Amino acid sequence: MRSLNWLLFPTLLLILISLYCIFIYAPTESSMGEVQRIFYFHVPSAWTGFLGIFLVFFCSILFLIKNDRAWDIRAAAAAEVGAIFTTMVLISGPLWAKPIWGIYWTWDAKLTSLFVLWLIYLGYLLLRRLLESPIQRARLSAVFGIIGAIDVPIVYMSNRWWRTQHPQPVMGGGESSGLEPSMLFTFLLSLTAFTFLFFLLWRMRCRIEESADRLEALHRELNTRLQEGK
Amino acid sequence: MKFLNQAGAILWKDLLNEYRTRDALTSMLLFGLLVILTFHFAFEPDSLETQKFAPGLLWTTFIFAGLLGLNRAFASERENEALQGLLLAPVNWGAIFLGKMLANLLFMLLAETAILGCFAIFFNLSLGAKIGWLLLIVPLGTLGFASVGTILAAISMNTRMSDVMLPLLLLPVALPAAIGSVEATAAAFSDPPGAALAFWLKFLVVFDVIFITVPLLLFDFVLEE
């Protein structure tokens, strides 16, 4: 197995620079104050959350076509890492919303579809746990992964259209409305760092699963040899 | 044509089975009555509140009653290894999906009609002119739900806790159908019917087309042993 250092070191470097930019370089936002810095974590986490379900979709299709365990591992690992990032969005969102909007939660299209995405991730991971045969687990979870991923944009659009008919109190401008250049730079840097982190964690998770497979194969081989020796 | 005949045979088998046992319909209908009873004591709605809550409550009842029916759909095939026989039959597996899906759709529609009737009687909801719209909205809203529900029921029947697994998989995926159905019903209930009605009907059609096509394409993988 090739080492993951080629990905690990750029990721670490990017994270360190982003942290510096987020807390020291980027100016404090005038109306929201320090709490606005959550933005640099919150939005990139949401992006990686959606990236995860896209990878689940892509790897699941490839698994069904090629019937290769490697794609099953990749789909499952993408779901796990995606679920973690989505959980981070759901935690960082309310922390930011409370001081700014005065409420932890609002049924806005982005929030709702993220919440549904999170539920789809958990359904997918629970399904994998409850399916006992490895072949069945791979195939059935791939089917659900594809259906769930197709559903995410539909959920988002249906919520947007729903919103246009249910007026909500105005909650200030969107987060990307006219970012100051140094803030935009910090944001893009953080976005890159999160993307690298996502791929690093994804590759690591795949490695663990591949090792578990190999360990199991060795176990089986050992057992047959022991029995033959008797 | 052969494909449709095969699907029809599966549908006929399920209808006959249901006619003899009446398992799914009885449980769905009783469930609907229990929701009406609980709703009355939980909210004690006056006629204005009933008008306001009716679309949401109706669809909540439809969805949960539908889950009961969907759980039965494949549970019955597991008894006596009936599924093995079905798989060995010389039919296209897509036809199995279509037949099962149509059976589920039909059971749900029957239960929904009965629930709607009870709802109108217990809460003095005058349906009158809205019936025409409901005849369009209810089948469109149920179709997509039944279709994606059928494939997810086939998936969850393989898990240890299939009764719990199905709602966990289906409810998030079916959320757009629920939103579209509730909104369309609410628009139909307002006098005169709101402009949103046509929009949400179109939305339901799109949802149905997507979630009939995708399960049809994927169903073979679910049945493969």
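As the structure is a computational prediction, the values presented were derived from the model and not from experiment. Every chain is numbered from 1 and lettered A, B, ... according to where its sequence line falls, protein lines coming before strand lines.
Between Phe64(B) and Phe31(B), the ring planes lie tilted relative to each other; the angle falls in the 30° to 60° range. A parallel orientation is assigned to the rings of Phe199(B) and Phe203(B), their planes being inclined by less than 30° (bins at 30° and 60°). Taking the six-membered ring for Trp and thresholds of 30 and 60 degrees, Phe39(B) and Phe119(B) have nearly parallel ring planes, at less than 30 degrees apart.
For the residue pair Thr185(B) / Trp59(B), a side-chain donor-acceptor distance below 3.5 Å is found, with atom types taken as modelled.
Of the possible polar contacts, one joining the Ser147(B) side chain to the Phe211(B) backbone as a donor-acceptor pair under 3.5 Å is found. Remark: the backbone N or O of Thr186(A) is not paired with any side-chain donor or acceptor of Ser190(A) at under 3.5 angstrom.
Across Ile179(B), Leu168(B), Leu169(B), Leu218(B), the residue that shares the most heavy-atom pairs under 4.5 angstrom with chain A is Leu169(B). Listed options Leu152(B), Asn158(B), Leu175(B) were ranked by heavy-atom pairs under 4.5 angstrom with chain A; first place goes to Asn158(B). Counting heavy-atom pairs closer than 4.5 Å to chain B, the top residue among Val155(A), Ile146(A), Leu127(A), Leu126(A) is Leu127(A).
For Val148(B), the part lying near chain A is the side chain, with the backbone staying farther off; criterion is any non-hydrogen pair under 4.5 Å. Heavy atoms of Arg137(A) lying under 4.5 Å from chain B are absent altogether. The parts of Val173(B) that come within reach of chain A are both its backbone and its side chain, each placing non-hydrogen atoms under 4.5 angstrom from that chain. For Ile151(B), the part sitting under 4.5 Å from any heavy atom of chain A is the side chain, from C-beta outward, and nothing else. With a 4.5 Å cut-off on non-hydrogen atoms, Phe207(B) touches chain A through its side chain but not through its backbone.
To the nearest 0.5 Å, atom CH2 of residue Trp133(B) and atom CZ of residue Phe189(B) are 13.5 Å apart.
Salt bridge Asp72(A)/Arg128(A): present, at least one basic N to carboxylate O contact under 4.0 Å. Salt bridge annotation for Arg205(A)-Glu209(A): present, with a cationic side-chain nitrogen under 4.0 angstrom from a carboxylate oxygen.
Of all residues in residues 111-122 of chain A, those placing a non-hydrogen atom less than 4.5 angstrom from a non-hydrogen atom of chain B are Val116(A), Leu119(A), Ile120(A).
Phe145(B) is listed as a side-chain neighbour of Leu170(B), based on a closest heavy-atom distance under 4.5 Å.
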